[in-house]
Amino acid sequence: MPIETPQYKLIKKKGDFEIRSYDEMVVARTSVNSDYKESTLTGFRRIAGYIFGGNDKEMKIAMTAPVIADCPSEGLKSYNISFVMPKEHSMKDLPKANISEVSIQKESLGEVAVLSFGGWASESRSMGYQKKLSELLIKNKIETKGGFMIAQYNSPWTLPPFRKNEVMVRILNTP
């Protein structure tokens with residue numbers, strides 16, 4: 001059975017990257033003060049605990065993809081990690097997490113530029129693809145707003161040749 005992913009409208013494909021528009025979504029989010037690798041592991045565990053019943057209703061919530069994290073960048077000391085909640089749920093019916101570090105929020109990505117890549121989304125690879133997307137956006141005169149994000153679509157046991165990741169960033173203008 002396929003895992004649910006957020007719906008988006010493809011606005012434009014521009015060579016190696018895409019411009020997409022996402023509707024508002026509900027996410028479970030946590031922030032971790034550590035390096036990228038430890039933050040993504042800790043953040044994943046926290047939110048997985050929430051969706052596997054670590055909430056005030058002991059409710060199990062279906063896993064979705066991707067897991068979205070802040071993209072590593074020089075000097076970043078804290079990372080936000082988010083799971084998109086299934087569309088069947090709203091802010092009203094989602095339970096409260098048993099730990100204060102997990103919150104339920106609405107997320108509006110709006111228009112984003114996206115560059116896909118395979119393999120592991122390690123810190124160095126993520127930063128490399130962030131740099132590549134940034135250069136493509138500058139070349140195409142597209143302005144960004146906010147930080148870059150890494151979206152990881154696969155379970156940890158998926159082999160690198162079959163992994164799907166994306167680096168994404170909100171944009172101000174569509175060319």
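When hydrophobic clusters are built by joining Ile, Leu, Val, Met, Phe, Trp and Tyr residues whose side-chain heavy atoms come closer than 4.5 Å, directly or via intermediates, Tyr8 is grouped together with Leu109. If you chain together hydrophobic residues whose side chains sit under 4.5 Å apart, Val114 and Val67 never meet in one group.
In this structure, NE2 in His89 is found 4.0 Å from CE in Met59, a value given to the nearest 0.5 Å. For the atom pair CE (Met85) and CD (Glu4), the distance works out to 10.0 Å, reported to the nearest 0.5 Å.
Contact of the Asp16 side chain with the Leu115 side chain is registered, since non-hydrogen atoms from C-beta on lie closer than 4.5 Å.
Side-chain atoms of Ser103 and Arg29 form no donor-acceptor pair, as typed in the model, at a separation below 3.5 Å. There is a side-chain donor-acceptor pair under 3.5 Å between Ser31 and Ser78. A donor-acceptor contact closer than 3.5 angstrom is absent between the side chains of Glu111 and Tyr22.
Heavy atoms from other residues, nucleotides or ligands lying under 6.0 Å from NZ of Lys13 number more than 12. Surrounding NZ of Lys131 are at most 12 heavy atoms belonging to other residues, nucleotides or ligands under 6.0 Å away. In the displayed structure, Asp93 atom CG is contacted under 6.0 Å by more than 12 heavy atoms of other residues, nucleotides or ligands.
In this structure, Arg163 satisfies the cation-pi test against Trp120, with its NZ or CZ atom closer than 6.0 Å to the six-membered ring centre and inside 45 degrees of the ring normal.
Aromatic ring pairs are classed by plane angle as parallel below 30°, tilted from 30° to 60° and perpendicular above 60°; the pair Phe117 and Tyr129 is parallel.
Residues satisfying the side chain to side chain donor-acceptor pair (under 3.5 Å) criterion with Ser155, sequence neighbours excluded, are Trp157, Thr158.
Between the side chain of Thr40 and the backbone N or O of Lys37, at least one donor-acceptor pair lies under 3.5 Å.
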